[in-house]
Structures are given as structure tokens and as C-alpha cells.
J.: 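The structure's right below; bear with me while I get my questions together.
Positions are given from 1, in the same order as the sequence printed here. These values consider heavy atoms only, across backbone and side chains, with no hydrogens, waters or symmetry-generated copies. First listed ligand is number 1; within each ligand, the first listed atom is number 1.
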Amino acid sequence: MFETTYDDCWLRYDRVDDALRPGYRRRLTHAYVSEGAPELGAVRAELRRGLEGLLGREPHLWQHPPRSVDSFLAIGHPEEMRPISETIDVDEAWNLADGGFLIRTVEWEGQECTVLTASSDRGLVYGTFHLLRLVATGEPIDDLDVREEPANENRIVNHWDNPFRRSVERGYAGQSIFDWERLPDVRERYFDYARLLASVGIDGVVPNNVNTGIPSRPTENDAVADRAGWQLLARENLEKLEALASVFRRYGIRIYLSVNYAAPIRLGGLETADPLDPGVRQWWKDKVDEIYEIVPDFGGFLVKADSEGQPGPYDYDRSHAEGANVLGEAFEGHDGRVWWRAFVYSEHDDRAVQAYEAFSHIDGEFHDNVTVQIKNGPIDFQPREPISTLFGAMPETSLGCELQLTGEYTGQGVHTASHVPMWKEILEFDTHGDGEERTVKDVLADVEGQGIAGVGVVGEDESWTGNHLLQSNLYGFGRLCWDPDLSSEEITREWARQTFGGDEQVVETVTDILLDSWHACIDYHTGGLGLMHMMYNGEEALENHYDPAPWEWPEYHGATAEGIGVDRTSSGSGYAAQYRDPLTELYDDPESCPEELLLFFHHLPWEYELTDGTTVIQRLYDNLHAGAATVDDLRERWLDLEGSVDERRHRHVTARFDEHALQAKRWRDTLCTYFYEKSGVPDERGRVPTE
Ligand code: GCW
């Protein structure tokens, strides 16, 4: 079967600078790597591939400590190798969190040795990628003392890929890479995808769409009709799943499945899927046992229930805890979890208040095997949203934070929009849970079974992500899940260095373009001030959300002849009261409410004066123009890299910047016109929309 060629992304392993090479070669040319687990096979293969690329010479892999050399690399578990067990505190290594690793430069029997050890096989994989990253970014390795442990226990990519039809919901990089028709035959691309994920410490992948079935209210749309994930629980598909799992297992990555809550009916032929029905409980238990017979390290289930037409416990007047717990129980005796999504809303006045109303009162009622997976904001992955109130409201429940890597609302695989600064802002947000400082990353870090899930971004495209620069979001997601204390700058620079080489000018420019892209994205898509959700929806259930259409969503922006914004204070939907004090107080008063969220919490007159005296309407005009102008500037900066970046990628990204600049102006002009028509207040700077 002909395989399309695709990009190496940040695992290019370009030759390092001549000046640095001798030092690296002295320490890494000879490697003593322990045998055994499949992961060690991946370690040896990556060492060969990485060092051959970086140093121009494959390493010599030994099965014992090489005596005739003055320096060598030793990779293995603490007690497996004398160069390790005799030089480091083995308890320290064994007590590392799963996936954690140590890399130290030591002296062993008169030889210098770089030891890399970990408590788990996946830790050796992550450690190896870390060491190769140090070399690829030109970092010194002569006196290493690295101790790394993942801050988040679970770091999972959720694919919204429809099996068999290979369409990807909210995917903008071609077909799904997962070819279920062809499985159990595995594609080379699966290995390269697993390498990309493992290289940034990701340890879980859900290959199928959370929309596992056609919604209860039928629709003509093909992409909706593509939703066939419910079939993956059938035995013949579980064998296909094991083939996929065997690839990811080599890189310490576990595979999960999105499941349909009505599977007992659709697959099991039962009359009901009522979670309190004994037959249903037994059906799920048997199904999970069957899965572990075939996929021994299965990660668990991801469930979208009672949401956007997907079935759930509400169909039987059961709570989400009752609904989730029948699945949680089914995993008893198995090392798997249920990731239960809190993305539940209906035609309620204010969508923002619903998840809290559905989940906060059942805090502590979920089975230990259940993690409640919460989208970062109360609406839906908008360029900027306030943080979901649930992060401060469920101290007795394992929580997961769901982020979106794919750019459904940030330019759909065309626009350059780094999500890393957005995610940093989310993870650093202080929920004031339990009345003290508790950031989202703290809330996530303290509980067993917690983690971060990211909605996938890759597809069959040569670039994997539709735009080469958007590979940085997959890279950044993994790095932040591993270490949320890393800065956006550090992560983005690391990525640019590995993806575009050591030319400092290129690294600096690409890094700055990405770091400046998010604010521009907010400005031209919304005008800022907390507005959001003004995209074209139309009738096409999925081919939408790219163009501006503020007239479709008055309830989201609240624009009237008098003013704009949505009152979510005590005089409105009361959403602000769902936060812990002092946040409620802060948001309830327009004078203290952060400007970047002002119109999310308040409906204000167009001429309302902001702290610097600018009116709301003028600020919206200014932000919209600034956003489109910044995109022009980002494009210019990229164009200036012609000749410093290979022609293939430079041409690819340039084409996307051309469309990006046009589309940013389209958003600017459409929203300016709409706000002018609503307010009747002209732009003080006389900038009349060109349309
Ligand atoms: O973001 C919205 C999308 C849907 C998606 C849904 C969800 C997978 O528009 O395409 O469905 O949310 O998160 O479940």
C-alpha cells in the first residue's frame, strides 16, 4: 500500500554545529542499553536514528559496559546495570513517578558515564527523547544532573477521528491517519506519530471521536453520518485496536476508546442502557473483561454522554455520577479509567452556567475509577474564555482538563495561532478553591487519576497539522502537560530550534511570530473584551466556524442598540456566583472585572468608559484593527525568512499566511460593520470597513 510522505516535524535531528559535535560524540558514540521490554527496542531505534542525524554517526550499541572507551552512555533500570546501580541512589530512581527519569554524568570505574535510568520502561523512552532534545537544541551534556517527573499523571490526546470513513470532526489536516479498514496491518505513520507523542511525554491516545454515534436527532450531514465509533467495542474491532495498541505500547503510550453510552443496546442487544439495570452492569463488566483479554494495557473509556445528541444517563433520569459509575465499576480489577466529559448543555438561557449545575452537586459521588473531564472554559474552546467554574468546585472528584489543539475557533489549520500562551493562562488561573491559592494546575496535580486531555490536531497531510507552524501546538501540549511551569517562550523556542535548526535569527523570528499570534487571534476573531462565539454556523453541521457571522449568536454577545455583552452577574444568569470568592466579587463589578473578560460578565453601554477613558465601542474597533494589522506583520516577518527556511516549508506557510491575512481582515470588517450598525457609533479614527 503506497504510503504518503510526511514531515519529520521536530524530530528532524539536523546535524549539530561542528563546534559542538566532538563533545557529543565523545559521550554518546558508545551506548550500553538494557534489553527486554518493547520500549527498549524503541530506545535503541531512536538512539540510532537521532544520533546518526545529529552527529553524523550511528552509536555503537553494546550489551555490556564498553571498557575500551573513556566515556559511554548507559540506559536501563536502576538495578539492571552496574554503571547505574553503583553510581546513583537506586531508591531515588525507583521512587520516581511513572514516566519520570534521571540523567546524570558520573564516574564509574575510571570511566565517565552518562547514566539514564527510570522506574518504568516508558521513563526510559521519555529520558532518551529528553537527551536527544538536549543535543538537538545544542545544550551542554558534560555535567548532567537531570531529574524529570511528569506533573500530570495522565497526558492524553483525544482524536475526533471517525473510524472507517477516516473523516476528522474539526480536523483541518486531511483524513484521519488511523486506517481501521486496514488494521490489524499497521502503517509506518503510526510509529512516527507515537514517536512524536512520546518525545513530548504524552502517555495516552484515544483514536476515535467522542461523537461515537449518529445523534438522536437525525441529520443529512455526511460527516455526522460518519460517526461509527460505537462499533469499535465489537470483538473484531478490538483485535484491530490491539494492533494499534502494540505500536503505541513500544513508546509507553496506552490506548483508550471513546464509547457510546447506548452500547448495551446497540452492540449487546439489551432493551436498555440504564446504569442501574443489573443486566447493563453485567454487560459493561463482561465487555471490559473482554477488552483486557485482547489489549492487556488498555487505558480506559472516554465518554460524551447527554451532550449534543449523544445518549446518556439522563435518558433514564440518572445523574452523571450514576451514569459514570457503572463504567467505573466495570474497570475494577483492571488498571483503566473512565474519562467522563462534563461538556453538557442544552437550549438553556445561558450555556455557561450548565456544566456546574449538572456536576458540582455530585462532587465526591464518582467511582474512584472515574475522572470528570472538563473543558477549560464554560462555552467551547473560544480564543479566550474565563476558566470553567468546575475546577474550583469539585475537590472530592478526580478532574481532567480538556484543551483543544485543533484550531476549530482559531483559524482551522490555516491561521498561525499558538495555543500555548492560552493554555499557560488557563493552568495558572487561581480558582481560590478551598479559599486559598489553588491554580488549575494545582487542582489537577493533587488528585490520583487526574490529567490533561487535548483534542487532536493531526491528519494525513504532509504537514500533519495543515500548517507546519501548528505542529508547535502538539509539541507545546505535551511539554505543558509534563511541566506546566515551563514558559510559553521556553517551549516555543525549543520547538522552533528542533524544527527549523540552529539559525538564531530563524528561531527568534518563528518564536516571536507564534508568541504574538494568540492575542492577534483574539482581537480579529472577537474584538476582545471577553466577546466570543461570533462564527458562522449555518446549517452545515460541521463545515463551519471559520467565517464571521455575529448576527447568528445574539445570546452570546448580547449586542443591542444600547450596548453589548452578557450579564452573567447576580442581576443576570448568575454565572459569576459559581466561582469561589473573591472571584465572584471581582467579576460581579464592571469596575473590578478584568477588561479582557468584561463583556463576558457584563452588558454595558457602547459608550461605557474603560479605565483608560476609551469607550467600549472604540476599544472593539481598535482591537479588531490591531488584530488584522498584527497578522499582516506576522506574515511580513515570515516572508523575511525566505532563504533561511527550506523552500518547501516556507512556501507552504506563506500560502497560509496569505489566506490568514485576508481572513483576519474579513473578520475585522464584518465585526466592525456589525458593531457600527448596532451602536450607530462611528470609529473615532475614521476607519470605515472596506466591504
Ligand atoms: O467543540 C464542539 C464541536 C463539536 C464537538 C463538541 C464536543 C466532538 O463543535 O464538533 O464534538 O464541541 O466537544 O463534544
J.: To the closest 0.5 Å, what do you measure between CG (L257) and OG1 (T212)?
T.: 10.5 Å
J.: Using the side chain to side chain contact (heavy atoms under 4.5 Å, CB included) definition, which of the options L470, T492, N473 pairs with L514?
T.: T492
J.: Need the ligand 1 atom indices (1-based, order shown) with element for anything under 4.0 Å from a heavy-atom of W160.
T.: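 In order of number, 1 (O), 5 (C), 7 (C), 8 (C), 13 (O).
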J.: Tell me whether the rings of Y587 and F601 are parallel (<30°), tilted (30 to 60°) or perpendicular (>60°).
T.: parallel
J.: Counting each atom of ligand 1 from 1 as listed, which ones have a heavy atom of F343 under 4.0 Å away?
T.: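 Here the atoms of ligand 1 in question are 6 (C), 7 (C), 12 (O), 13 (O), 14 (O).
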J.: Does ligand 1 come near enough to R341 that some N or O of the ligand is less than 3.5 Å from an N or O of the residue?
T.: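 Such a contact does occur with ligand 1.
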J.: Applying ring pair (Phe, Tyr, Trp, His ring centres under 6.0 Å) between H557 and each of Y674, W551, F600, report the one that passes.
T.: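 When Y674, W551, F600 are each tested with H557, the ring pair (Phe, Tyr, Trp, His ring centres under 6.0 Å) holds only for Y674.
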J.: N/O of E402 under 3.5 Å from N/O of ligand 1, yes or no?
T.: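 Between E402 and ligand 1 (N or O atoms, distance only) the closest approach is not under 3.5 Å.
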J.: Are a donor atom and an acceptor atom from the side chains of T410 and H419 found within less than 3.5 Å of each other?
T.: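 Present: a donor and an acceptor within the cut-off.
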J.: Is there at least one pair of N or O atoms, one from N209 and one from ligand 1, spaced under 3.5 Å apart?
T.: no
J.: How does V455 reach ligand 1, if at all, at less than 4.0 Å between non-hydrogen atoms: by side chain, backbone, both, or neither?
T.: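 Under 4.0 Å from ligand 1, V455 contributes no heavy atoms.
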J.: Within a radius of less than 6.0 Å around CG of D547, do more than 12 heavy atoms belonging to other residues, nucleotides or ligands occur?
T.: yes
J.: Polar contacts were defined as any N/O atom of the residue lying under 3.5 Å from an N/O atom of the ligand; does this apply to R170 and ligand 1?
T.: yes
J.: Test your reading of the structure: does Q404 have an N or O sitting under 3.5 Å from an N or O of ligand 1?
T.: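 So ligand 1 has no N or O lying under 3.5 Å from an N or O of Q404.
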J.: Picking from V200, I491, I202, what satisfies side chain to side chain contact (heavy atoms under 4.5 Å, CB included) with F477?
T.: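 Of the listed options, the one satisfying the test is I202.
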J.: Can you list the ligand 1 atoms lying under 4.0 Å from a non-hydrogen atom of K304?
T.: 6 (C), 7 (C), 8 (C), 11 (O), 14 (O)
J.: What atoms of ligand 1 come within less than 4.0 Å of a heavy atom belonging to D380?
T.: 1 (O), 2 (C), 12 (O)
J.: With a cut-off of 4.0 Å, which atoms of ligand 1 are near a heavy atom of V210?
T.: 8 (C)
J.: Test ring-ring contact (aromatic ring centres under 6.0 Å, His included) on Y172 and H415; report intermediate values, then the result.
T.: CA-CA 11 Å; Y172 310 106; H415 302 190; over 10 Å; no
